[in-house]
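A short write-up of the structure that comes next.
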Amino acid sequence: MKKQTKKRKPLAGFQIVMIGAGNVATHLAAEFEKAGAEIAQTIRKSAEQTGKKFSKTVEADIKHIKKDADMYVICVPDDQIAGVVKAMPAVKGDVVHTSGSVGMSVLKKFKSHGVFYPLQSFSKDKKVTVNAYAICIEASSKQVTEDLMELAGGISKNAYLINTKQREVVHLGAVFANNFSNHMFAIAKDILEEENLPFEILKPLILETAFKIVDSDPRDAQTGPAIRGDKKTLANHEKMLEPETAKLYKRLSKDIQE
C-alpha cells in the first residue's frame, strides 16, 4: 500500500457528475464544491427533495446524463452499482465508484475508471468532525490515478493508492472499528435507559477511548474487568443482562482475555 499526502488545493474548472444523492454523495458534493469544483449534474431515481442539496441540475433518468464532464462519481448502495453501470451510456470522463467492497472491474466497460473510496462515516445532516479522513484510490491507468489524486487533494490531506484486495481488508476493518463499535454504543445506551440514566454520562469515556488509540496500540490501551480477570464482576454483569446480550458480553470478554 502506497500513501500519498497532498495539500488541499482548489479544483477550479473541474466538472463532476454525481450519480446518487445519499449520505456519501451529499457530503462529497459539498466538499467538491467547497474545493472549487462544479457539480455539473446529479442523477438519482427520484428528483424530489434534492434541489436544495446540490447547486446544479437534477436529472431523474440516467439516459440524460451529461456526457462531457471530467468525472462521474457513482454513490449508490453496493448492490446497485452494476445496474447503474449497465444503464450508463458512453461518457468522456473518468467513471468511479465510492464503495469499499466492490471491485474496480465492475466499471470495465469504461476506458477510464477507478475507485474513490472515502474512509469515513457520513450522515446527510451532520458535518464530519474529522476532515482529514483517508481516501483509498484504485485506478485503471496512470492518468486516472493523477485525476483521482487531484480530486482527493481537494478535499483531504491523505490519499492511499491501494488495490482491490487491500481495499476489501480496509473496509472489513472499518466495519469492526466503526459499525460494530457504534452498535456497542447503542447497546450501552439501552442499558442505561433501562434505569432512566442519560447516555451523556458515557460520552467522555467514549471520546477518551477513541483519543487513546491515536497514539497507542488498541491492545495496549485495553482496560476493564475482562483484561483484569475480574471473574466476580464479569459474572455479575452477565446476570444483569438479557440472555442474548449476556452471550455477547461473555464472547467479547473471552476474546479480550485471549
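As the structure is a computational prediction, the values presented were derived from the model and not from experiment.
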Q.
Please give me the minimum heavy-atom distance between Arg167 and Ser101, naming the atom from each residue.
A. NH1-N, 4.1 Å
Q.
Could you see if Val169 belongs to whatever hydrophobic cluster contains Ile162? Use Ile, Leu, Val, Met, Phe, Trp, Tyr and a side-chain cutoff under 4.5 Å.
A. no
Q.
Could you check whether any side-chain heavy atom of Ile74 comes within less than 4.5 Å of a side-chain heavy atom of Val96, counting everything from C-beta outward?
A. no
Q: Using a 4.5 Å cut-off on heavy atoms from C-beta on, say whether the side chain of Phe32 contacts that of Met18.
A: yes
Q. If you look at every heavy atom in Gly103 and Thr164, which pair is closest and at what distance?
A. CA-CG2, 3.8 Å
Q: Can you see which heavy atom on Ile137 is nearest to which on Ala159, and at what distance?
A: CD1-CB, 4.2 Å
Q.
Any side-chain to backbone donor/acceptor pair from Gln257 onto Ala226? Under 3.5 Å, distance only.
A. yes
Q: Of all the heavy-atom pairs spanning Ala139 and Leu148, show the shortest one and how long it is.
A: CB-CD1, 4.3 Å
Q. Under 4.5 Å between side-chain heavy atoms, hopping through other hydrophobics if needed: is there a path connecting Leu172 to Val102?
A. no
Q | Lys109 side chain reached by Leu107 side chain, heavy atoms, under 4.5 Å | A | no
(Q) What verdict does the side chain to side chain contact (heavy atoms under 4.5 Å, CB included) test give for Glu146 and Glu150, after you've listed the backbone C-alpha separation in whole Å, the side-chain angles of each residue and the deciding distance to 0.1 Å? (A) CA-CA 6 Å; Glu146 292 177 356; Glu150 179 180 2; over 6 Å; no
**Q.** Pairs flagged by ring pair (Phe, Tyr, Trp, His ring centres under 6.0 Å) wherever residues 76-114 is involved - sequence neighbours left out
**A.** none
Q. Distance from Leu252 atom CG to Asp255 atom CG, nearest 0.5 Å?
A. 6.5 Å
Q: Using a 4.5 Å cut-off on heavy atoms from C-beta on, say whether the side chain of Leu119 contacts that of Ile135.
A: no
Q.
Keeping Ser156 on the side-chain end and Ala152 on the backbone end, is there a donor-acceptor pair under 3.5 Å?
A. no
(Q) Any non-hydrogen side-chain atom of Pro118 less than 4.5 Å from a side-chain atom of Tyr133? (A) yes
**Q.** From CG (Asp220) to CG (Asp215), nearest 0.5 Å
**A.** 12.5 Å
Q. Same cluster for Leu248 and Leu234 if Ile/Leu/Val/Met/Phe/Trp/Tyr side chains link at under 4.5 Å?
A. yes
Q.
Tell me if a side-chain donor or acceptor on Gln166 pairs with a main-chain N or O of Asn163 at a distance below 3.5 Å.
A. yes
**Q.** Within residues 67-90 or reaching into it, pairs that qualify as salt bridge (charged side-chain N to carboxylate O under 4.0 Å, His left out) - sequence neighbours excluded
**A.** Lys66-Asp68
Q) Quick one: OG on Ser216 to CD on Gln222, what's the gap to the nearest 0.5 Å? A) 12.5 Å
Q | Chi angles and distances behind the side chain to side chain contact (heavy atoms under 4.5 Å, CB included) call for Val175, His171 | A | CA-CA 6 Å; Val175 168; His171 187 258; 4.2 Å; yes
Q) Quick one: ring pair (Phe, Tyr, Trp, His ring centres under 6.0 Å) pairs with a partner in residues 204-256, sequence neighbours left out? A) His237-Tyr249
Q: Could you name each residue pair satisfying salt bridge (charged side-chain N to carboxylate O under 4.0 Å, His left out) that touches residues 225-244, not counting sequence neighbours?
A: Glu244-Lys247
Q: Say whether, by atom type as modelled, one donor and one acceptor occur between the side chain of Gln41 and the main chain of Ala69 under 3.5 angstrom.
A: no
**Q.** Heavy atoms of other groups near Leu207 CG, more than 12 under 6.0 Å
**A.** yes
Q. Would you say Val73 and Thr98 make side-chain contact, with heavy atoms under 4.5 Å?
A. yes
Q: With the side chain counted from C-beta on, respond yes when Ile65 and Tyr72 share a heavy-atom pair under 4.5 Å apart, and no when they do not.
A: yes
Q: Keeping to residues at least two apart or across chains, list the salt bridge (charged side-chain N to carboxylate O under 4.0 Å, His left out) pairs with something in residues 19-28.
A: none
Q. Taking only residues two or more places apart in sequence, or in another chain, which ones meet Glu194 in a salt bridge (Lys or Arg N to Asp or Glu O under 4.0 Å)?
A. none
Q: Spell out, yes or no, whether Ile206 and Ile201 are grouped together once hydrophobic residues are joined by side-chain heavy atoms under 4.5 Å, including indirect joins.
A: yes
**Q.** Over all atoms of both residues, closest heavy-atom pair of Tyr117 and Ala174
**A.** OH-CB, 4.3 Å
**Q.** Closest heavy-atom pair and its distance - Ile81, Ser99
**A.** CD1-CB, 3.8 Å
Q) Do Met71 and Leu151 have side chains that get closer than 4.5 Å, going by heavy atoms? A) yes
Q. Would one find more than 12 heavy atoms of other residues, nucleotides or ligands at under 6.0 Å from atom NZ of Lys92?
A. no
Q | Ile16 side, atom CD1; Glu33 side, atom CD - distance, nearest 0.5 Å | A | 9.0 Å
Q) Step by step, would you call Ser112 with Gln143 a side-chain hydrogen bond (donor to acceptor under 3.5 Å, both in side chains)? A) CA-CA 8 Å; Ser112 299; Gln143 182 58 57; over 6 Å; no
Q | Single-linkage hydrophobic cluster Ile191~Met184, side-chain heavy atoms < 4.5 angstrom | A | yes
Q) Would Thr145 and Met149 count as a side chain to side chain contact (heavy atoms under 4.5 Å, CB included) if you check the C-alpha gap in whole Å, the side-chain angles of each, and the deciding distance to 0.1 Å? A) CA-CA 6 Å; Thr145 298; Met149 288 302 297; 4.2 Å; yes
**Q.** From SG (Cys75) to CD (Gln80), nearest 0.5 Å
**A.** 12.0 Å
Q) Could you give the distance from CD1 (Ile227) to CD1 (Ile256), rounded to the nearest 0.5 Å? A) 7.0 Å
